[in-house]
Protein chains: 2
Amino acid sequence: MTTSIENRIRMPHLRERIISAERAAALIRDGMTVGMSAFTNASSPKLMPLAIAERAKTEKFKFKLITGASHGGDIDGILADAGVISKRMPFQTDPVMRAAINRGDILFIDQHLSKSGALLLTKEIDPVDIAIVEAVAVNEVGGVILSTSVGTSEIFLRHADKIILEINLAMPMELEGIHDIYIPDRFPIRHPIPIMHPRERVGSSAVQIDTSKVAGVVITNQMDAPSSIWQPDEKTQAIANHLTSFLLREIDSGRLTTSLMPIQAGIGSVANAVLAGMIEGPFTGLTVFSEVMQDAMFDLFDAGKLDFASATSITLSPEKAEHVFNNLHLYRDKIVLRPQLISNHPEFVNRLGVIAINTAIEMDIYGNVNSTHIMGTNMMNGIGGAGDFARNAHLTIFVSQAERQDGNISCVVPMVTHVDQTEHDTDILVTDVGLADLRGLAPRERAESIIQNCTTGKYKEMLLEYFEEAKKRGGHTPHLLEKAFSWHERYRQARSMLP
Amino acid sequence: MTTSIENRIRMPHLRERIISAERAAALIRDGMTVGMSAFTNASSPKLMPLAIAERAKTEKFKFKLITGASHGGDIDGILADAGVISKRMPFQTDPVMRAAINRGDILFIDQHLSKSGALLLTKEIDPVDIAIVEAVAVNEVGGVILSTSVGTSEIFLRHADKIILEINLAMPMELEGIHDIYIPDRFPIRHPIPIMHPRERVGSSAVQIDTSKVAGVVITNQMDAPSSIWQPDEKTQAIANHLTSFLLREIDSGRLTTSLMPIQAGIGSVANAVLAGMIEGPFTGLTVFSEVMQDAMFDLFDAGKLDFASATSITLSPEKAEHVFNNLHLYRDKIVLRPQLISNHPEFVNRLGVIAINTAIEMDIYGNVNSTHIMGTNMMNGIGGAGDFARNAHLTIFVSQAERQDGNISCVVPMVTHVDQTEHDTDILVTDVGLADLRGLAPRERAESIIQNCTTGKYKEMLLEYFEEAKKRGGHTPHLLEKAFSWHERYRQARSMLP
């Protein structure tokens, strides 16, 4: 263990700052802003959140919490339950925290993931007082080697007044070298960032910090909470099949090659099924430019289909995690973890021509997409990186089941109750029923394509009826405002959108 | 005249292709896609649209029309009236064409201006059959020197099967050299474009064409239709004053310098009043990275406040046009006209840190903005470049009057009826009543800031009432879906949003 600690904390004076999580948690003052490492399970500090929640049992304090994205496991829920969070930014996926947000108890800023770091750098939001960041090690010159995500940690570490490091002995030392920490120029003169391929490295492998800011080092020994195992069901498989067929048609038309373009895929069963589908078929030399590396990407590596993956975090199921972290030498040269400012940066999403595949909560007949709100009011998780990619991608694809809750909810509606992705930005919509290619279509053509291809049964009839009646009233984008949300209203009162 | 023509058409064999507009108009076949130069009055072909409309009196044909942005004067209206347009893309401002679009007679694709060229390059939409492009001259090697806009003309000229040039003798030869024609790399490997300051030039001054494609050269002699003269009224001046005060506070806070960041301003009286306000005050060394150069920018040059302006078109009032085009030597080194693919490119909007100021039709209490649709259905002009800039800018500002039509319309509503800019992308909202700074605010805080700062009188009371009632139902973004559009519905029935 001592040898290990010496290897993990290579500056002797930092080893003297090893303290308990309990003592470190006492450093947080009421009203502070805390920046924590965390991106979809990856790199959440393991001990600090629990110590903070423990302290809250006897002391009253609240702080603003910024992370990369969602915390791992139920950490966000534990913190919400402890009553210590006044404001949360920029993403979360926890049911307990979600409930607190929707009650108005926690103020939530639902933000493009490429933006939170940028707002800190330009001081548009309050600065981070304390950075609490999980790391694999600190090198001989004060470079912090991050663990399974970068997220916004490099900005927290460089700009916070105080730093608490959680050195995680369970994280393999072989993670050293997979990070590419690029610090953007400050305004007014910012140079182009020379990433022309997902594999391009432009930064360094560690985050250089001012070690005098390190107020405490906490030692922990625990892997990330695992992600769910995403088994496709009939519907997700149908969505994946429609999408794969579309990509094959694009290859036939000459608009795409068998290498496609760099893929961004949201996390979840559909994305997993789509990626799994690429193991079959003519695809070759694929690349990924995304946020999260998930199980299916490593399957694609193993199948020889995927050449390189760039992301800001690795989030795996227990089995896959065991395989990947015990065999990092197989993947180390094929992956890079970047700050989310870079992994989601409009400059690269545009330049690389990303194919962005994300999940919708609901979509409307004109191609607007709701990614965040249940029935227009209740937050689900947040927009995450969907907007970063959707707005600037080469091909913007949103997928959803056609119906949910045994057909009591139609995911294709006359008008979405919250718009996260506008009709201007959506190219392809897919449900388990089929796929609508909206490129080059005017709104009335889009409505026909979406209703005909993506819906079925009673809801298809109801959408056609709405559209026909709306057209009689006229307009570029025909709507009946007094009926646009009538399906949602019916659901609120009778738990079904069906009349 | 002969000398002039020789100077204007420097390749002798092209002079042999001079034909009448009538003969050139006969080249258009039913079902074609036509790409025409035009960007907010600038560079619309002067004779060809009239000749096409004339031909339509005796012959039935329809084509898809793509331009940079809106046509000058009433050309879009003339073409709509002639019944020759089946589909129009990506922007228009003409009342006759607007009516045809809203009747469903012309299909309109309302598109980010940075995107139409990109879609042509990647063949996501039908290719252009004929390019009809106004030019100042053709040089000795087949380089087309464009006139008062670039727009998407460089792509039309390079990718169309046939080219019709309108050589406009009224356009001063001194325009030669102000264009910067950059041709982006093709996928898969695209290099960074090294624009780090609005003044940076990365291309050439002419569009190189294959002169064998030139099917006709039409000679014309007529300046662009002038833009309106934008005199501020009390309300626009109030909006400008609120915005200027905000910028001064940002300078005081150290977040901006007196040079600000490159400014993008939509066209119109508010933008003009804001820019005019910058002649006073401590501003110095300003730059512009925008779509359109308008009157006020030249006033800022004359006042020594503005260092450089980059755009894709110049659109001026009659008096200002006379001054500027007779004194181009004063401005030539301080301006550049770029393809709209570049002027509106996410890479530069982000890298340069643009301050984007655009006009809203309506905004809602959570900061969503409607830029395009009247009462959710009827198209006004189109999103234009607002989305290009809003999504990637450093500071995204939307302005609107608080009320219109003698108070019968509130421009701040519970929920906008069409979302072009989402809450995730709006930083600052301004009305003549005041300014709401939404940075770092959660939805419930945003609603309070917008209602308190941007509204007044009866509508303020009504918004507070809606918000309070919605909060009782709960949610991250509290809404009452059954009442969200009740104001618009009241207006539809009684021509007033007031009860």
Side-chain angles (χ1 to χ4, degrees), chain A residues 87 101-104 107-112 122-126 187-194 196-197 255 261 346-347 350-351 353 368 373 375-379 383 387 391-392 394 417-420 422 424 439-440 442 444-445 471 473-479 481-482 484-485 488-489, chain B residues 87 101-104 107-112 122-126 187-194 196-197 255 261 346-347 350-351 353 368 373 375-379 383 387 391-392 394 417-420 422 424 439-440 442 444-445 471 473-479 481-482 484-485 488-489:
Chain A
K87 211 164 197 172
I101 288 168
N102 287 322
R103 283 194 309 271
L107 292 167
F108 177 54
I109 308 182
D110 175 20
Q111 202 160 47
H112 298 302
T122 55
K123 303 190 191 342
E124 314 285 306
I125 53 175
D126 289 345
F187 290 117
I189 296 298
R190 307 205 301 175
H191 290 82
I193 309 172
M196 284 156 287
H197 186 283
R255 279 193 291 261
M261 312 277 272
E347 179 166 343
N350 180 284
R351 184 186 300 148
N368 300 287
H373 282 70
M375 303 289 150
T377 58
N378 275 15
M379 173 53 55
I383 191 167
R391 175 63 188 86
N392 293 303
H394 172 61
T417 53
H418 190 270
V419 177
D420 294 289
T422 76
H424 310 281
R439 293 173 297 175
R444 288 166 185 236
E445 296 173 301
K471 274 197 288 188
R473 200 178 284 168
H476 173 61
T477 305
H479 264 306
L481 292 184
E482 75 280 16
F485 296 145
H488 301 84
E489 189 53 21
Chain B
K87 212 162 196 173
I101 288 168
N102 286 322
R103 283 194 309 270
L107 291 167
F108 177 55
I109 308 182
D110 175 21
Q111 202 160 46
H112 298 302
T122 55
K123 306 191 189 340
E124 314 284 307
I125 52 174
D126 289 343
F187 289 118
I189 297 298
R190 308 204 300 174
H191 290 82
I193 309 173
M196 284 155 287
H197 186 284
R255 279 194 289 260
M261 311 278 270
E347 179 166 344
N350 180 283
R351 183 186 300 148
N368 299 288
H373 282 69
M375 303 289 151
T377 58
N378 276 14
M379 173 53 55
I383 192 168
R391 176 63 188 86
N392 294 302
H394 172 61
T417 53
H418 189 270
V419 177
D420 295 288
T422 76
H424 309 279
R439 293 174 296 175
R444 289 167 185 235
E445 296 173 300
K471 274 196 289 187
R473 201 177 286 169
H476 173 62
T477 305
H479 265 305
L481 292 184
E482 75 280 15
F485 297 145
H488 300 86
E489 189 53 22

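- For the set A/Arg351, A/His418, A/Met379, the entry with the most heavy-atom pairs within less than 4.5 Å of chain B is A/Arg351.
- Ranked by heavy-atom pairs shorter than 4.5 Å toward chain B, the options A/Met375, A/Glu124, A/Lys123, A/Arg439 are led by A/Glu124.
- Heavy-atom pairs under 4.5 Å with chain B peak, among A/Gly387, A/Pro194, A/Ala484, at A/Gly387.
- Most heavy-atom pairs under 4.5 Å with chain B: of the set A/Ile193, A/Ile189, A/Leu107, this distinction falls to A/Leu107.
- Proximity to chain B (any heavy atom under 4.5 Å) is restricted, for A/Arg444, to the side chain, taken from C-beta onward.
- Comparing B/His112, B/His394, B/Glu347 by heavy-atom pairs within less than 4.5 Å of chain A, the highest count is held by B/His112.
- The part of A/Asn392 that comes within reach of chain B is its side chain, from C-beta onward, which places non-hydrogen atoms under 4.5 angstrom from that chain.
- Heavy-atom pairs under 4.5 Å with chain B peak, among A/Pro346, A/Gly353, A/Gly475, A/Gly440, at A/Gly475.
- With A/Thr422 as reference, B/Thr422 is the one residue of B/Asn368, B/Thr422, B/Asp110, B/Ile383 to meet the side-chain contact (heavy atoms from CB on, under 4.5 Å) rule.
- The salt bridge (charged side-chain N to carboxylate O under 4.0 Å, His left out) check on B/Lys471 picks up B/Glu448, B/Glu468, with sequence neighbours excluded.
- Contact detail for A/Gly376 and A/His373: the closest heavy-atom pair is O-CD2, 3.7 Å.
- Comparing B/Gln111, B/Arg103, B/His191, B/His488 by heavy-atom pairs within less than 4.5 Å of chain A, the highest count is held by B/His191.
- When each of A/Glu489, A/Glu482, A/Arg190, A/Arg391 is scored by its heavy-atom pairs under 4.5 Å with chain B, the top score falls to A/Arg391.
- For A/Glu445, the salt bridge (charged side-chain N to carboxylate O under 4.0 Å, His left out) partners two or more places apart in sequence, or in a different chain, are B/Lys87.
- If you tally non-hydrogen atom pairs under 4.5 Å between each of B/Arg473, B/Arg255, B/His479 and chain A, the highest count goes to B/Arg473.
- Only the side chain of A/Phe187 has a heavy atom closer than 4.5 Å to any heavy atom of chain B.
- Ranked by heavy-atom pairs under 4.5 Å with chain A, the first of B/Ile101, B/Ile125, B/Thr417, B/Asn102 is B/Asn102.
- Heavy atoms of A/Met196 lying under 4.5 Å from chain B belong to its backbone as well as its side chain.
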